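Notes follow the structure.
As the structure is a computational prediction, the values presented were derived from the model and not from experiment.
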Amino acid sequence: CALPILYVPMTEEQREHDDKLREEMSMVVNSQQVDLNHAVVVLGKRLQLCGGVLRGTDDYEFMSTNKIPVLTKLIHKNRKKRIVIWHQYIPETDLLFRSLIKYNPLVYDSPKACDVLTQFKRGNSRLLLARLSMCRGLNQLADTDISVFYSLPYSYNTRAQAEGRARRISSTTESTEYVDIVTKGGVDTFVHNMLSQKQSMSLTLANISEIVSATTKGG
């Protein structure tokens with residue numbers, strides 16, 4: 001199916017933190033001694049912020065995000081559909097599980113969790129939270145009605161693998177719909193645009209500088 005993109009605005013709390021992180025990225029990339037590793041770390045924080053995770057030095061906290069209400073509405077509207085929710089970061093697994101607990105979601109976050117995939121295939125739960133890093137070698141997730149990308153990887157290959165795991169030639173479902181939930185004006189908009197052009201996000205100074213310019217304050 002076509003790939004619907006559900007754009008959501010940042011909350012005021014997200015925007016406040018994102019502006020600070022954007023300024024930090026700007027200072028890093030414009031300094032005389034550019035620390036690319038530091039810039040990449042800040043980029044990761046901005047991406048996680050889009051999903052409702054504020055990452056500190058040693059810990060993280062959750063904040064409101066408009067992605068959760070949109071996702072909940074999608075799940076509620078498709079009560080008879082089997083849905084996999086792909087996400088990139090470990091804290092997002094916790095946030096999604098807590099937010100969707102009433103739907104009794106299964107969690108696939110380890111290659112050893114094959115029993116979880118079996119339960120999903122048997123229909124023990126219609127909702128599966130799957131970490132994108134787990135999609136390699138995954139061969140039991142073919143029969144999905146809706147494949148949601150809550151957050152995105154830098155790699156187009158990883159994205160394509162996740163799409164391929166949700167539907168194969170042997171799939172018994174009539175069709176599979178792919179849905180992206182993207183923060184308007186957030187860094188994940190930039191990453192999504194790269195992936196939609198079948199390009200991976202290169203963690204170079206030029207790309208990070210472009211992100212700083214593209215995601216301006218209040219944008």
Side-chain angles (χ1 to χ4, degrees), residues 7-68 85-98 109-110 129-136 149-162 180-219:
Y7 286 106
V8 301
M10 280 190 178
T11 63
E12 291 185 9
E13 186 180 21
Q14 282 178 308
R15 172 56 65 193
E16 180 182 348
H17 288 287
D18 189 65
D19 283 343
K20 292 177 181 178
L21 290 170
R22 182 194 59 80
E23 290 172 4
E24 184 178 347
M25 280 182 68
S26 180
M27 287 188 291
V28 172
V29 298
N30 292 317
S31 64
Q32 291 183 344
Q33 294 182 331
V34 179
D35 186 345
L36 182 58
N37 290 333
H38 184 189
V40 170
V41 169
V42 181
L43 172 64
K45 287 182 178 181
R46 292 186 70 188
L47 278 169
Q48 291 181 59
L49 187 64
C50 291
V53 176
L54 180 61
R55 201 177 95 196
T57 305
D58 301 311
D59 205 354
Y60 59 86
E61 61 181 281
F62 300 135
M63 61 178 54
S64 61
T65 171
N66 289 313
K67 285 190 176 186
I68 294 294
I85 302 172
W86 297 104
H87 55 284
Q88 175 78 342
Y89 301 103
I90 293 174
E92 288 177 339
T93 307
D94 193 10
L95 174 61
L96 287 167
F97 186 83
R98 295 185 187 191
D109 59 356
S110 166
L129 310 179
R131 194 92 46 74
L132 280 160
S133 58
M134 298 292 106
C135 70
R136 291 183 180 179
F149 288 87
Y150 181 85
S151 56
L152 298 166
Y154 294 128
S155 166
Y156 173 74
N157 286 337
T158 300
R159 165 64 188 243
Q161 284 179 340
D180 289 272
I181 304 179
V182 180
T183 305
K184 188 175 182 179
V187 174
D188 58 352
T189 299
F190 189 93
V191 176
H192 183 271
N193 290 341
M194 295 285 292
L195 295 176
S196 65
Q197 298 173 45
K198 298 186 177 181
Q199 298 178 21
S200 295
M201 173 66 194
S202 299
L203 299 177
T204 63
L205 181 59
N207 265 342
I208 292 176
S209 297
E210 188 176 351
I211 289 172
V212 172
S213 300
T215 55
T216 56
K217 186 174 182 178

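- Taking CZ of Arg46 as the start and CG of Asp19 as the end, the distance is 8.0 Å to the nearest 0.5 Å.
- To the nearest 0.5 Å, the span separating CD on Gln88 from OG on Ser133 amounts to 7.5 Å.
- The CE atom of Met63 sits 7.0 Å away from atom OG1 of Thr11, with the distance rounded to the nearest 0.5 Å.
- Distance check, rounded to the nearest 0.5 Å: CZ of Phe62 to CG of Leu96 gives 9.0 Å.
- Considering all non-hydrogen atoms of both residues, Asp35 and Val28 come closest at O-CG1, 3.3 Å.
- Within 6.0 Å of atom CD in Glu12, 12 or fewer heavy atoms from other residues, nucleotides or ligands are found, so the atom counts as exposed in its surroundings.
- With sequence neighbours left out, the ring-ring contact (aromatic ring centres under 6.0 Å, His included) criterion links Tyr154 to no other residue.
- Under the side-chain hydrogen bond (donor to acceptor under 3.5 Å, both in side chains) criterion, Asp94 pairs with Arg98, not counting sequence neighbours.
- For the pair Tyr150 and Leu95, the minimum side-chain heavy-atom distance is below 4.5 Å.
- Taking both residues in full, the closest heavy atoms of Ser155 and Ser200 are given as CA-OG, 3.7 Å, listed atom of the first, atom of the second, then distance.
- For the pair Leu132 and Thr158, the tightest heavy-atom approach, listed with the atom from each and the gap, is O-CG2, 3.9 Å.
- Put simply, the side chain of Glu92 reaches to within 4.5 Å of the side chain of Ser151, judged on heavy atoms.
- We find the CZ-CG distance between Phe190 and Leu152 to be 13.0 Å, quoted to the nearest 0.5 Å.
- Listed by chain and residue number, nothing satisfies the side-chain hydrogen bond (donor to acceptor under 3.5 Å, both in side chains) test with Gln48 (two or more places apart in sequence, or in another chain).
- Atom CE of Met194 sits about 7.5 Å away from atom CD of Glu210, to the nearest 0.5 Å.
- Looking at residues two or more places apart in sequence or on another chain, you find a salt bridge (charged side-chain N to carboxylate O under 4.0 Å, His left out) between Arg131 and Asp109.
- Scanning for side-chain hydrogen bond (donor to acceptor under 3.5 Å, both in side chains) contacts around Asp58 gives an empty result, with sequence neighbours left out.
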Practice task
Determine, step by step, whether Leu49 and Val187 satisfy the side-chain contact (heavy atoms from CB on, under 4.5 Å) criterion, reporting the C-alpha distance in whole Å, the side-chain angles of both residues, the deciding distance to 0.1 Å, and the verdict.
Solution key: CA-CA 9 Å; Leu49 187 64; Val187 174; over 6 Å; no
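- Residues Ile211 and Met25 approach most closely at CG2-CE, 4.3 Å, considering heavy atoms.
- Taking Glu13 as the reference, nothing meets the salt bridge (charged side-chain N to carboxylate O under 4.0 Å, His left out) condition, with sequence neighbours excluded.
- Among residues two or more places apart in sequence or in another chain, the side chain to side chain contact (heavy atoms under 4.5 Å, CB included) test is passed with Thr183 by Val8, Met10, Cys50, Lys67, Asp188.
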Exercise for the section: Evaluate the criterion salt bridge (charged side-chain N to carboxylate O under 4.0 Å, His left out) for residue pair Asp18 and Arg22; output intermediate values, then yes/no. Expected result: CA-CA 6 Å; Asp18 189 65; Arg22 182 194 59 80; over 6 Å; no
Practice task
Show your working on side-chain contact (heavy atoms from CB on, under 4.5 Å) between Phe149 and Arg159 and close with a plain yes or no.
Solution key: CA-CA 9 Å; Phe149 288 87; Arg159 165 64 188 243; 3.5 Å; yes
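- Legend: residues meeting ring-ring contact (aromatic ring centres under 6.0 Å, His included) with Tyr7, ordered by chain and number and at least two apart, are absent.
- Within the 4.5 Å cutoff, the side chain of Met201 has no heavy atoms near those of the Leu47 side chain.
- In this structure, Ser196 contributes its side chain and Asn193 its backbone to a donor-acceptor pair below 3.5 Å.
- Here the shortest heavy-atom pairing between Ala39 and Val29 reads CB-CG1, 4.4 Å.
- Within 6.0 Å of the CD1 atom in Ile90, the count of heavy atoms belonging to other residues, nucleotides or ligands does not exceed 12.
- For the side-chain hydrogen bond (donor to acceptor under 3.5 Å, both in side chains) test, residues two or more places apart in sequence or in another chain that qualify with His38 are Glu24.
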